[in-house]
Structure formats: structure tokens, C-alpha cells
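Here the structure comes first, spelled out in C-alpha cells, and everything after it is commentary.
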Amino acid sequence: MHFFEGCTALITGASSGLGEEFSRQLAPMAGKLILVARRGEILDRLKAQLEERHPLLQVHVYVMDITREGQVQNFIGWLEREEIRINLLVNNAGVGDRGSFATGDWEKIEAVLSLNVVALTRLTHLLLPTLRESGRGAILNVSSVAGLIPLPYNAVYAATKAYVNSFSDALRLELRDAGVTVTNVLPGPVETGFSKAAARATPCSSHGPPDCLTMPAEAVVEAALLAVAANRARVIPGWKVALVMGIAVALPLGILRAVLRRRC
Ligand SMILES: NC(=O)c1ccc[n+]([C@@H]2O[C@H](COP(=O)([O-])OP(=O)(O)OC[C@H]3O[C@@H](n4cnc5c(N)ncnc54)[C@H](OP(=O)(O)O)[C@@H]3O)[C@@H](O)[C@H]2O)c1
């Protein structure tokens with residue numbers, strides 16, 4: 001994928017799942033990778049592996065909680081001091097909270113909102129000047145098909161991803177002449193640490209997504225990067241997931257509600 005040759009990519013949530021996979025797939029093409037997450041020792045191991053496999057690649061690890069304004073400001077200062085100019089921003093870090101809204105723990109709900117909505121928007125806002133200056137900037141927002149429909153027992157998570165979908169589409173239009181593309185990837189279920197992080201101490205009795213829709217992280221990331229390279233607005237990786245969601249969004253809301261009620 002010529003688009004990524006020599007790029008400087010920032011990947012949030014690089015310590016696990018899709019973020020780690022984005023790092024692995026970008027490594028053979030990128031010039032510099034900036035890996036961000038809270039678990040530094042995992043990022044250090046990933047950096048060592050990637051640099052060993054790709055001797056021309058520079059990997060920087062930056063440990064931070066991207067929901068903390070002070071840490072994000074320090075990060076921006078560090079980028080400036082190091083003269084690192086990001087031209088690919090992968091807004092990947094995200095978390096869920098599976099269970100009823102009524103019994104949810106407020107701290108976790110707030111963490112979902114802070115990470116999936118505020119941190120993604122804040123980082124994009126702070127890095128946009130650099131992305132524009134580069135003349136070939138790209139933003140890849142990792143959303144979810146959960147953002148396409150109201151999803152009981154994932155109510156807040158689904159709503160945050162609906163925000164990401166709307167924000168990405170609108171920003172793409174605003175930036176159409178600015179040399180910065182915006183692509184939104186909407187995965188269905190993927191084999192990562194996500195379910196464990198979203199689970200509560202008392203497991204939720206509602207149905208999860210059918211196993212036949214679950215995809216490996218490799219295929220999701222490959223589809224997302226192809227969509228960025230082709231300057232597509234939106235991609236739903238996997239034909240089965242795309243088909244199911246195509247039907248779901250085409251249903252009248254009353255019928256969709258009835259279907260969702262049966263699955264609760
Ligand atoms: N897996 C799925 O089924 C699925 C489906 C649709 C969409 N998605 C989306 O895909 C994205 C990646 O999720 P995943 O499946 O790869 O889950 P994951 O394996 O749990 O990875 C989440 C990543 O986010 C990082 N993170 C969490 N809180 C953070 C914070 N406050 N500051 C910085 N980094 C933070 C975690 O690193 P640390 O803990 O080290 O900070 C981790 O690297 C998310 O946006 C998710 O909503 C996932």
C-alpha cells in the first residue's frame with residue numbers, strides 16, 4: 001500500500017488487539033510509529049519486536065492515559081521537541097461496558113465516554129494542524145457497527161460509536177480540500193481483549209453477537225488500511241457483518257426495536 005510508505009503514524013491503544021495489529025501491519029511500510037497506551041512494558045516489547053523485524057523503522061513508545069488532559073498536553077509538547085510530525089492518526093483506543101445502564105458503575109460509564117468520545121476528539125483537534133501541514137494527512141477512526149443501531153446492554157458504548165460515525169463523516173467533509181482524509185472503520189465482533197475489558201463482575205445475561213460474525217484482528221486491520229489507502233469514508237470489514245448491518249439499518253425503527261427486544 002503505497003499510501004503508507006514512509007509515513008509517521010500515531011496509534012492509540014497499541015498495547016493490545018486491533019491497535020497492536022495496526023502497528024504490525026503498518027511496520028513494513030511506515031517510517032516511524034508512535035505507540036500509545038497505558039501499559040508501557042507491553043509497548044516496549046512490541047517496539048523491540050518491530051524494530052528487530054524492520055531495521056529501517058523507528059518506533060517510539062509513549063505511555064499515557066489519553067483521557068488525561070495534562071498527559072495529552074505533555075505528549076504534544078514531546079512531539080514538538082522531538083520534531084515528530086504525525087501524518088497518520090489512528091484513533092483506535094476504546095472501551096466498552098457490557099450490562100444494563102441502570103446497574104452500571106458511573107466511573108466506568110464516564111471512562112467509556114471520556115475515552116471513546118472526548119479523547120478521540122481532543123487528540124484529533126490537537127493533531128489536526130500537523131496533519132494539515134503534512135499535505136498528505138489521514139485520520140482513521142476505529143468505530144463499531146454498534147454505532148449503527150441502538151444496542152441494549154451496550155447503550156453507552158453504542159452511543160459513543162454513533163458519535164464517532166457522525167463526527168468522522170462530518171469532519172471528512174470539512175477537510176475535503178485540506179489534504180487530510182478521514183476514514184471510519186466499523187468492525188463487528190473481533191477476537192481481542194475488548195470483551196474482557198467491557199465485562200462486569202456480574203456477567204450480563206443478554207445475548208452477545210453470534211460467533212459466526214466474529215473476525216480475526218488481522219482481517220479487520222487489513223480492510224481498514226485498504227480503505228484509508230483508497231480514501232474511503234467508511235468500511236465495515238467482512239461481508240457477513242456488512243450484510244447483517246445493511247439489513248439492520250434498512251429496517252423500519254419499529255421492527256428493529258422489536259427484533260432487539262426479543263434478543264434482550
Ligand atoms: N474487539 C471488538 O469486538 C471490537 C468491535 C468493534 C469495535 N472495536 C473497537 O476497536 C478498538 C480497539 O479495541 P480492541 O478490540 O483492540 O480492544 P482491546 O484489546 O481491549 O484494546 C484496547 C486498547 O485501548 C487502550 N486503552 C484503553 N484505555 C486507554 C486509555 N485511557 N488511554 C490510552 N489507551 C487506552 C488499551 O491499552 P492500555 O490498557 O495499555 O492502556 C488497549 O491497547 C476500540 O475502539 C473498540 O471500541 C472493537
Suppose we screen for side-chain contact (heavy atoms from CB on, under 4.5 Å). Which residues come up paired with Ala230, at least two apart in sequence or across chains? Arg232
What residues form a ring pair (Phe, Tyr, Trp, His ring centres under 6.0 Å) with His54, not counting sequence neighbours? none
Shortest non-hydrogen contact between Gly188 and Val145, atoms and distance: CA-CG2, 3.7 Å
Donor-acceptor pair, side chain of Arg262 and main chain of Val259, under 3.5 angstrom: no
Please answer: with hydrophobic residues joined when any side-chain heavy atoms are less than 4.5 Å apart, are Leu225 and Leu33 in the same cluster? yes
NZ of Lys32 to NE2 of His60, rounded to nearest 0.5 Å, is 5.0 Å
Salt bridge (charged side-chain N to carboxylate O under 4.0 Å, His left out) partners of residues 61-70, not counting sequence neighbours, each pair once: Asp65-Arg68, Glu69-Arg122
Can Thr121 and Thr124 be counted as having a side-chain donor-acceptor contact under 3.5 angstrom? no
Holding to side chain to side chain donor-acceptor pair (under 3.5 Å), I want the full list of residues that pass it with Asn74, two or more places apart in sequence or in another chain. none
Run the side chain to side chain contact (heavy atoms under 4.5 Å, CB included) test on Leu89 and Leu140 for me, step by step, so that the C-alpha distance in whole Å, both residues' side-chain angles and the decisive distance to 0.1 Å come before the verdict. CA-CA 6 Å; Leu89 167 60; Leu140 173 60; over 6 Å; no
Is a side-chain N or O of Glu5 found less than 3.5 angstrom from the main chain of Ala30, in a donor-acceptor match? no
Is there side-chain contact between Leu10 and Phe75, with at least one heavy-atom pair below 4.5 Å? yes
Grab the two heavy atoms, one from Ile11 and one from Gly19, that are nearest each other, plus how far apart they are. CG2-O, 3.6 Å
Within-4.5 Å side-chain heavy-atom neighbours: Met215 and Pro187: no
Sequence-distant partners of Arg53, side-chain contact (heavy atoms from CB on, under 4.5 Å), two or more places apart: Arg24, Gln49
Roughly how far, to the nearest 0.5 Å, is CD of Glu20 from CG of Leu43? 9.5 Å
OG1 of Thr103 to CZ of Arg200, rounded to nearest 0.5 Å, is 4.5 Å
Measure the spacing between CD1 of Ile86 and CD1 of Ile34 and express it to the nearest 0.5 Å. 4.0 Å
Would Arg136 and Thr181 count as a side-chain hydrogen bond (donor to acceptor under 3.5 Å, both in side chains) if you check the C-alpha gap in whole Å, the side-chain angles of each, and the deciding distance to 0.1 Å? CA-CA 8 Å; Arg136 49 161 289 218; Thr181 62; over 6 Å; no
To check you understand the geometry: which heavy-atom pair defines the closest contact between Ala14 and Ser23, and what is its length? CB-OG, 3.8 Å
Nearest heavy-atom approach of Ile149 to Ala248 is CG2-CB, 4.2 Å
Apply side chain to side chain contact (heavy atoms under 4.5 Å, CB included) to Val72 and Met64, showing your working. CA-CA 7 Å; Val72 174; Met64 70 166 162; 4.2 Å; yes
Is there a path of hydrophobic side-chain contacts, each under 4.5 Å between heavy atoms, that joins Val61 and Trp78? no
What pairs with Lys47 under side chain to side chain donor-acceptor pair (under 3.5 Å), at least two apart in sequence or on another chain? Glu51
I'd like to check the side chain to side chain donor-acceptor pair (under 3.5 Å) partners of Tyr62; sequence neighbours left out, ordered by chain and number. none
Are Val185 and Ile139 connected into the same hydrophobic cluster when the rule is that any two of I, L, V, M, F, W, Y join if their side-chain heavy atoms are below 4.5 Å apart? no
Within this structure, what is the CD-CG distance for the pair Glu41 and Leu46, rounded to the nearest 0.5 Å? 12.0 Å
When hydrophobic residues are tied together by side-chain contacts of less than 4.5 Å, even through go-betweens, does Leu148 share a cluster with Leu120? no
Arg172 side, atom CZ; Thr183 side, atom OG1 - distance, nearest 0.5 Å: 5.5 Å
Output all residues satisfying ring pair (Phe, Tyr, Trp, His ring centres under 6.0 Å) with Phe22, sequence neighbours left out; order by chain, then residue number. none
Side chain to side chain donor-acceptor pair (under 3.5 Å) involving Asn141 - partner list, sequence neighbours excluded: Asn91, Ser168
Is any side-chain heavy atom of Thr214 less than 4.5 Å from a side-chain heavy atom of Val190? no
Are Leu26 and Leu88 side-chain neighbours, meaning at least one heavy-atom pair lies under 4.5 Å? yes
Considering only heavy atoms from C-beta outward, does the side chain of Leu186 approach that of Val235 to under 4.5 Å? no
Write down the atom of Val63, the atom of Gly40, and the distance for their closest heavy-atom approach. CG2-CA, 3.4 Å
Checking side-chain polar atoms at under 3.5 Å, does Thr12 have a donor or acceptor matched by the opposite partner on Asn92? no
Any donor-acceptor pair under 3.5 Å from Asp97 side chain to Lys108 backbone: no
Donor-acceptor side-chain pairing of Asp169 and Asn184 below 3.5 angstrom: no
Across all chains, not counting sequence neighbours, the side-chain contact (heavy atoms from CB on, under 4.5 Å) partners of Ser144 are Ala146, Tyr157, Lys161
Should Val142 and Val220 be counted in the same cluster of Ile, Leu, Val, Met, Phe, Trp and Tyr side chains packed under 4.5 Å apart? yes
Check residues 111-119 and write down every donor-acceptor pair under 3.5 Å in which the side-chain atom is one partner and the other belongs to a residue at least two apart or another chain.
residue	atom	partner	partner atom	Å
Ser114	OG	Glu110	O	2.7
Asn116	OD1	Val95	N	3.0
Asn116	ND2	Val95	O	2.9
Asn116	ND2	Thr160	OG1	3.1

Could you tell me if the side chain of Glu222 sits less than 4.5 Å from the side chain of Glu21, heavy atoms only? no
Is any side-chain heavy atom of Ser15 closer than 4.5 Å to a side-chain heavy atom of Arg39? yes
Where do Leu151 and Ala158 come nearest, in terms of heavy atoms and distance? CB-CB, 3.7 Å
Would you tabulate the side-chain donor-acceptor contacts of residues 125-132 under 3.5 Å, counting partners in other chains and residues two or more places apart, or write 'none'?
none

